[in-house]
Amino acid sequence: MKNILVTGGCGFIGSNFVRLALGELKESRIVNIDRLTYAGNLENLADLKDNPRYRFVRGDICDAEFVNRIFAEERIDTVVHFAAESHVDRSIEGPAEFIRTNILGTFTLLEAARKAWLAPMRVTSREPRKNRFLHVSTDEVYGSLGETGYFTEETPYDPRSPYSASKASSDHLVSAYFHTYDLPVVKTNCSNNYGPYHFPEKLIPLIINNALTGKELPVYGDGKNVRDWLYVEDHCRAILTVLQKGSLGETYNVGGNNEKQNIEIVQTVCDLLDEKVGLLPDGKPRRDLIRFVKDRPGHDRRYAIDATKIREELGWTPAVTFEEGIRKTVDWYLVHPDWIASVLDGSYQDYYEKMYGGRLKHD
Ligand code: NAD
Ligand code: DAU
C-alpha cells in the first residue's frame with residue numbers, strides 16, 4: 001500500500017480515515033479525491049495540508065478522464081472508496097444525484113482500477129495481488145429487521161430507499177468485478193457511524209446543535225426505530241484491518257454492538273448537554289424540546305449487525321462503548337462551535353479558495 005487513493009476523504013468518515021491512516025501507515029501516501037459537494041469540507045483535513053504524504057485533488061469520481069489520470073499520475077495501488085451521496089432524507093427528495101455518484105461513480109472507479117491493475121491482454125489473472133479496492137458500504141442494503149435477528153454477510157439484499165438501492169447497486173458492481181475480472185476487491189457494510197466532523201443533518205449532530213441552540217428536536221414517527229451506533233474511529237480501524245488482512249472478494253459486516261432507539265439517543269444527548277452546559281435559559285431541561293414529527297417515508301424499523309466474521313477472522317472488535325463515544329462526540333462539538341457555524345452558514349466552502357487558490361463552484 002504505497003499509493004492509496006481515498007475517495008470522499010473530505011466527508012465525515014473519509015476525513016477521520018485519512019487522518020488515522022496517515023498516522024498508522026508510515027510508508028504510505030494518500031491521494032484524496034473529492035468533489036467537495038455540500039458534504040465535503042476541506043477544513044476537516046486542514047491540519048494535513050503541508051504533510052508530504054498527503055495530496056488533495058478536487059474532482060468527480062464520475063469523470064473517467066480525471067480518475068484515470070489520477071491512477072496513472074499517482075501510480076495508485078490501493079483504493080478506499082468512501083465518496084457517495086450519503087443522506088437518506090436527501091435521497092427521498094432527489095434521488096438522481098445518488099444514482100449518479102453512488103452507481104456511476106463506483107463503476108468509473110472500478111473501470112479505472114481494472115485498466116490500471118489488470119494486464120490489458122488478460123481478462124483475469126490469478127497472480128498474487130499487491131492491489132486492493134476496498135468499497136465502503138452500508139447495512140441499509142439488507143433492508144429492515146423486525147424486533148429480533150441480525151444482518152449477516154449472507155442476509156439477502158432488500159434496499160428500501162433510493163440511497164440504499166444505489167449503494168446496493170454499487171455493491172453488486174463491486175462483486176461483479178471480482179467474479180468477472182478477478183479485480184482484487186473487498187467490501188465492508190457497516191452500521192450508523194457517529195463522532196467528530198459529522199455533518200449536522202444526520203441525527204446525532206443535528207440534535208446536538210439544535211439542543212445547544214434551544215431549537216426543536218425532530219424525532220421521526222414514534223422514535224422507536226433502532227440503529228446500531230458505531231464510533232467513527234472504530235469503523236476506520238475496521239477498514240484498516242480489512243485492507244490489511246481481508247480476503248479478496250469477501251464482505252465484512254462492521255457494527256458497534258450498540259442498538260438504541262432514536263428516542264433514547266435524543267434523550268441521552270439532551271441529558272449530557274444539560275449536565276455539561278446547564279439547563280436552557282428558561283430553566284427547562286432540553287428534553288422539553290423534543291417533538292415527534294411526521295415519519296420518514298419507507299423508514300426502516302431496525303438495523304442490527306452480526307459482526308462475528310470480522311471479529312473471528314480478522315480480530316477486529318469495537319473499542320469505544322456508546323457511553324464513552326457519545327460523551328467524546330458531544331465534547332468535540334462543544335469545543336468546535338466555529339466548525340458547526342461554518343458548516344451551517346456555508347462559509348466552510350470558502351476554504352477551497354483560501355487553501356488552494358481556486359474557486360469552489362457547485363454545478
Ligand atoms: P459524507 O456525506 O459525509 O461524505 C461524502 C464525501 O463524498 C463528501 O466529502 C463529498 O464531497 C464526496 N463526494 C460526493 N460525491 C462525490 C463525487 N461525485 N465525486 C467525488 N467526491 C464526492 O459521507 P460519510 O457519512 O462520510 O459516508 C462515507 C461512506 O460510508 C459512504 O459511501 C456511505 O455510504 C458509507 N456509510 C456511511 C455510514 C454513516 O453512518 N455515515 C454508514 C455506513 C456506510
Ligand atoms: O446504517 C448506516 C446508514 O446510517 C448510512 O448508510 C447512511 O449514510 C447514514 O446517513 C445513516 O442513515 P440513517 O438514515 O440511519 O441516519 P440518520 O442520521 O439520517 O437517521 C438516524 C435515525 O434517526 C433514523 O431512524 C431516522 C431518525 N431521524 C433522523 C433525523 C435526521 C430522526 O428521527 N430525526 C431526524 O431529524
Side-chain angles (χ1 to χ4, degrees), residues 6-17 32-42 44-45 57-63 66-67 80-92 97-98 100-102 104-106 108-109 135-142 144 151 159 161 163-164 166-167 170-171 188-195 197-207 210 216-230 232 235-236 239 254-256 260-263 265-266 290-296 298-305 362-363:
V6 170
T7 71
C10 296
F12 163 47
I13 306 175
S15 59
N16 279 284
F17 177 80
N32 169 17
I33 60 171
D34 195 301
R35 184 180 170 205
L36 298 180
T37 68
Y38 82 94
N41 187 345
L42 268 182
N44 294 358
L45 292 172
V57 191
R58 185 171 186 231
D60 187 336
I61 57 163
C62 301
D63 177 348
F66 165 70
V67 172
V80 186
H81 174 34
F82 294 99
E85 287 293 333
S86 69
H87 192 41
V88 174
D89 291 333
R90 285 182 189 253
S91 82
I92 296 167
E97 203 53 43
F98 287 72
R100 198 187 83 90
T101 285
N102 299 3
L104 184 61
T106 302
T108 306
L109 287 163
H135 176 62
V136 179
S137 192
T138 171
D139 59 0
E140 299 202 9
V141 297
Y142 300 122
S144 182
F151 297 134
S161 72
Y163 163 70
S164 53
S166 68
K167 292 296 290 187
S170 66
D171 290 8
T188 55
N189 291 73
C190 76
S191 58
N192 287 60
N193 284 222
Y194 69 106
Y197 303 106
H198 206 181
F199 198 89
E201 64 184 351
K202 308 277 169 45
L203 181 70
I204 289 183
L206 178 115
I207 296 298
N210 282 15
E216 293 185 349
L217 310 177
V219 176
Y220 298 165
D222 64 3
K224 293 189 177 156
N225 298 63
V226 172
R227 297 291 181 267
D228 166 28
W229 293 94
L230 173 65
V232 65
H235 180 206
C236 293
I239 290 174
V254 187
K260 306 273 178 209
Q261 291 185 341
N262 293 337
I263 187 67
I265 297 285
V266 175
I290 294 174
R291 301 287 178 273
F292 290 94
V293 300
K294 191 168 172 286
D295 209 353
R296 172 187 280 175
H299 196 176
D300 290 338
R301 190 62 173 171
R302 175 172 166 260
Y303 302 146
I305 287 265
H362 283 286
D363 338 294

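Atoms within each ligand, like the ligands themselves, are counted from 1 in listed order.
The single protein non-hydrogen atom nearest to atom 38 (C) of ligand 1 is Ile13 CD1, 3.7 Å, given as residue, atom name and distance.
Inclusion of Thr138 in the set of residues having an N or O under 3.5 Å from an N or O of ligand 1 is not warranted. Checked against a 3.5 angstrom limit, the closest N/O atoms of Lys202 and ligand 1 fall outside it.
The closest heavy-atom contact to atom 23 (O) of ligand 1, among the options Ser170, Ser86, Ser164, comes from Ser86. Between atom 5 (C) of ligand 1 and the options Ser137, Gly40, Ala84, Gly105, the minimum heavy-atom separation is to Ala84. Of the listed residues (Ala39, Ala83, Gly195), the one carrying the non-hydrogen atom nearest atom 7 (O) of ligand 1 is Ala83.
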Tabulate distances under 3.5 Å between N/O atoms of ligand 2 and N/O atoms of the protein, writing both atom names on each line.
from     : atom 1 : to     : atom 2 : distance (Å)
ligand 2 : 1 (O)  : Asp139 : OD1    : 2.6
ligand 2 : 1 (O)  : Asn192 : OD1    : 2.8
ligand 2 : 4 (O)  : Asn192 : OD1    : 3.4
ligand 2 : 4 (O)  : Asn192 : ND2    : 3.1
ligand 2 : 6 (O)  : Thr138 : OG1    : 2.7
ligand 2 : 6 (O)  : Tyr163 : OH     : 2.6
ligand 2 : 8 (O)  : Ser86  : O      : 2.7
ligand 2 : 8 (O)  : Tyr163 : OH     : 3.0
ligand 2 : 10 (O) : Ser86  : O      : 3.2
ligand 2 : 12 (O) : Glu140 : OE2    : 2.8
ligand 2 : 14 (O) : Arg296 : NH1    : 2.6
ligand 2 : 14 (O) : Arg296 : NH2    : 3.4
ligand 2 : 15 (O) : Asn192 : ND2    : 2.8
ligand 2 : 15 (O) : Arg227 : NE     : 2.9
ligand 2 : 16 (O) : Asn192 : ND2    : 3.4
ligand 2 : 18 (O) : Leu203 : N      : 2.8
ligand 2 : 19 (O) : Arg296 : NH2    : 2.9
ligand 2 : 23 (O) : Asn262 : ND2    : 3.3
ligand 2 : 25 (O) : Arg227 : NH2    : 3.2
ligand 2 : 25 (O) : Asn262 : ND2    : 2.9
ligand 2 : 25 (O) : His299 : NE2    : 2.6
ligand 2 : 33 (O) : Tyr220 : N      : 2.8
ligand 2 : 34 (N) : Pro218 : O      : 2.9

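Under 4.0 Å from ligand 1, the heavy atoms of Tyr163 that appear belong solely to its side chain. Residue-level proximity to ligand 1 for Leu36 is carried by the backbone, the only part with a heavy atom below 4.0 angstrom.
The distance from ligand 1 to the heavy atoms of Asp60 drops below 4.0 Å at these ligand atoms: 17 (C), 18 (N), 19 (N). Listed by number with element, the atoms of ligand 1 under 4.0 angstrom from any heavy atom of Cys190 are 42 (C), 43 (C), 44 (C). Taking a cut-off of under 4.0 Å to the non-hydrogen atoms of Gly59, the atoms of ligand 1 that pass are 19 (N), 20 (C). Atoms of ligand 1 lying under 4.0 Å from at least one heavy atom of Val136, given by number and element, are 30 (O), 32 (O). Taking a cut-off of under 4.0 Å to the non-hydrogen atoms of Asn192, the atoms of ligand 1 that pass are 40 (O). Less than 4.0 angstrom separates some heavy atom of Lys167 from each of these atoms of ligand 1: 31 (C), 32 (O), 33 (C), 34 (O).
Ring geometry for Tyr194 versus Trp229: interplanar angle over 60°, hence perpendicular rather than tilted (30 to 60°).
The closest approach between a heavy atom of Gly9 and any atom of ligand 1 is not below 4.0 Å. Within the structure, ligand 1 has Ser191 among the residues with a heavy atom less than 4.0 angstrom away. Not close to ligand 1: Phe199, with no non-hydrogen atom less than 4.0 angstrom away.
If you check the side chains of His135 and Ser170, you find a donor sitting under 3.5 Å from an acceptor. No hydrogens or angles considered: nothing links the side chains of Asn193 and Asn16 as a donor-acceptor pair under 3.5 Å.
Under the rule for a salt bridge (charged side-chain N to carboxylate O under 4.0 Å, His left out), the partners of Glu97 that lie at least two apart in sequence or sit in another chain are Arg35, Arg100. Residues satisfying the salt bridge (charged side-chain N to carboxylate O under 4.0 Å, His left out) criterion with Asp63, sequence neighbours excluded, are absent altogether. For Arg227, the salt bridge (charged side-chain N to carboxylate O under 4.0 Å, His left out) test picks out no residue, with sequence neighbours left out.
Listed here is the closest heavy atom pair of Lys294 and Tyr220: O-CD2, 4.1 Å.
By the 4.0 Å N-to-carboxylate-O rule, Asp139 lies too far from Lys167 to be salt-bridged with it.
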